[in-house]
Amino acid sequence: MSDVVPPEVRPKPAVPAKPPNVGAPSPSSSFPPQIPGLGVGSGPAPPSAIPVPIGSHGPSHGASHVLGHAPGHAVGHVPQSGGHGHGGSHSSSGGSTLLGYIGIDTIIEQMRKKTMKTGFEFNIMVVGHSGLGKSTLVNTLFKSQVSRKSAGWARDEKIPKTVEIKSVSHVIEEGGVKMKLTVVDTPGFGDQINNDNCWEPISKYINEQFEKFLKEEVNITRKKRIPDTRVHCCIYFISPTGHTLRQLDMEFMKRLSHSVNIIPVIAKADTMTIEERQEFKQRVRKELEMSGIEFYPQKEFDDDMEDKSDNDKIRETMPFAVVGSDKEYQVNNKRVLGRKTAWGIVEVENPNHCEFAQLRDFLIRSHLQDLKEVTHNIHYETYRAKRLNDNGGLHPISTNDM
């Protein structure tokens, strides 16, 4: 056999740079596809020439040297293979380039299908003075009578006054996505003559839900899916006085800000002019900052610069000045939710009239999942660590404790 290699298959010198079309040969090329660890082949690869898994180093070296002089292959030099990360699948930057389609990107679709089947849970609490429209605002948020005892209540029927802490659950569906929404309505906060420790029933309720979840977690035989009744969000209604926060408002938010995600809103914002509203919002933000009261989204929980930028814009807008209404009116040949006054109709979803649309986008469209994660990873973990530390570690849960 002559040692002269024909020009068309003459081996090329080693090039350190990665070839642009590794693993994807040109359709016009007369050579068969290259296999990592092999030179230019003239026939089917032997069993030992199976491509090495991505990230592997040792085996590819051996295959390159042994197979490079195999009989029947006119090979003079082995191209850069995955062993050194130049021409193969493993890059010098630490990433990996796949040689073909695997399907990793379908995991998002798999997660979507699974969550579509199981559905979501979201628990929201409303706190504030009587008559500020707490139940009405929740109905407006979800465009459903979710704060009422049953769905059979008429839209124009007066909402009964809340006299005790109660939770009402509904399953709402939109676009095939089901969500179990639980609304926790509280009695008029601060309506009593003596308001000492009036936040304790609310704090007790929040901790009770943490305790229920903890007991399910430490059971030897746990449920496949633990029911989540923990409060993910607390909307705190501020009276539109136009002056300053009440001492009771500040005391409540200070005591519960470490147990639940508090979102302050100014209720019935249509009772103030635009100038009064802006001044009041600035005053409220300043008072909360001076008192060291943190409301959601907290600065310390911003994951990256993108989150920080988005959340900074939200923090500058809070507290949201909102208007809620269950009633629809005809405006410019459209049915809109609003409040009718002597001088016109205040449109709830019109950003020029109030900030309800911004609150809804923030609460549901952009931060709903984050509210749940902060509740689980921060507030619940804080309660869990304290509870287990007080008890000296895990303890068996008897059936009498359930």
Side-chain angles (χ1 to χ4, degrees), residues 107-108 110-127 137-138 141-144 146-147 167-186 202-203 205-218 222-236 253 256-265 294-304 306-308 310-311 314-315 318 320 358-387:
I107 191 171
I108 302 299
Q110 297 173 40
M111 294 170 65
R112 189 189 71 83
K113 288 181 179 180
K114 191 172 185 66
T115 51
M116 288 275 283
K117 291 179 181 179
T118 57
F120 301 88
E121 293 174 322
F122 187 62
N123 309 316
I124 184 171
M125 173 183 276
V126 288
V127 180
L137 182 72
V138 174
L141 272 173
F142 297 96
K143 294 188 175 181
S144 180
V146 293
S147 70
S167 62
V168 181
S169 297
H170 294 270
V171 176
I172 57 180
E173 183 174 353
E174 182 182 42
V177 178
K178 293 182 179 180
M179 183 175 74
K180 181 183 178 183
L181 175 69
T182 301
V183 179
V184 183
D185 211 346
T186 59
I202 299 172
S203 178
Y205 179 88
I206 293 172
N207 288 332
E208 283 176 351
Q209 310 318 307
F210 285 152
E211 185 68 17
K212 284 182 182 179
F213 198 88
L214 177 61
K215 286 184 176 181
E216 289 288 350
E217 272 197 334
V218 300
R222 296 194 296 184
K223 297 178 181 177
K224 184 178 180 181
R225 187 179 182 189
I226 301 176
D228 190 2
T229 60
R230 298 170 296 181
V231 179
H232 301 127
C233 168
C234 173
I235 300 181
Y236 189 82
M253 287 189 275
L256 270 72
S257 60
H258 299 293
S259 301
V260 67
N261 298 314
I262 293 181
I263 299 178
V265 299
E294 295 184 349
F295 54 83
Y296 181 86
Q298 298 91 333
K299 293 182 180 180
E300 57 186 300
F301 301 149
D302 293 340
D303 292 332
D304 50 41
E306 183 181 359
D307 282 352
K308 184 180 185 302
D310 294 340
N311 290 338
I314 294 171
R315 285 187 280 261
M318 296 177 76
F320 297 104
Q358 292 167 272
L359 171 65
R360 182 181 58 197
D361 289 351
F362 163 66
L363 191 63
I364 301 173
R365 297 180 183 176
S366 63
H367 283 69
L368 188 147
Q369 182 61 30
D370 189 65
L371 282 163
K372 297 179 64 175
E373 290 178 0
V374 171
T375 298
H376 180 77
N377 298 330
I378 306 298
H379 300 308
Y380 171 68
E381 284 299 319
T382 301
Y383 175 87
R384 176 179 172 276
K386 183 178 182 301
R387 184 78 168 82

Euclidean distance, [Y] [atom2] relative to [X] [atom1], rounded to 0.5 Å:
| X | Y | atom1 | atom2 | answer |
| --- | --- | --- | --- | --- |
| N311 | E306 | CG | CD | 10.0 Å |
| E373 | D303 | CD | CG | 8.5 Å |
| L371 | L363 | CG | CG | 6.0 Å |
| I378 | Y380 | CD1 | OH | 14.0 Å |
| K212 | T229 | NZ | OG1 | 5.0 Å |

List for me each residue that meets side-chain hydrogen bond (donor to acceptor under 3.5 Å, both in side chains) alongside D370, sequence neighbours excluded, and say none if there are none.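 Here the qualifying residues are Y296.
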Can a side-chain donor-acceptor contact be found between N261 and T375 if the only test is distance below 3.5 angstrom? yes
Side chain proximity check, [X] to [Y], heavy atoms < 4.5 angstrom:
| X | Y | answer |
| --- | --- | --- |
| D185 | V138 | no |
| N207 | E211 | no |
| I364 | F142 | yes |

Among H376, H379, Q209, find the one that has a side-chain hydrogen bond (donor to acceptor under 3.5 Å, both in side chains) with R230.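 Output: one option passes, namely H376.
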Between F320 and F362, does the ring centre distance come in under 6.0 Å? yes
For R365, which residues count as a salt bridge (charged side-chain N to carboxylate O under 4.0 Å, His left out) partner, sequence neighbours excluded?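 Partners of R365 by the salt bridge (charged side-chain N to carboxylate O under 4.0 Å, His left out) criterion, ordered by chain and then number, come out as D361.
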Restricting to salt bridge (charged side-chain N to carboxylate O under 4.0 Å, His left out), what partner residues turn up for E217, sequence neighbours left out?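 Testing E217 for salt bridge (charged side-chain N to carboxylate O under 4.0 Å, His left out), a comparison that skips the adjacent residues, returns R384.
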Over-ring placement of R387 relative to F210, 6.0 Å and 45° cut-offs: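 No, R387 does not sit over the ring of F210.
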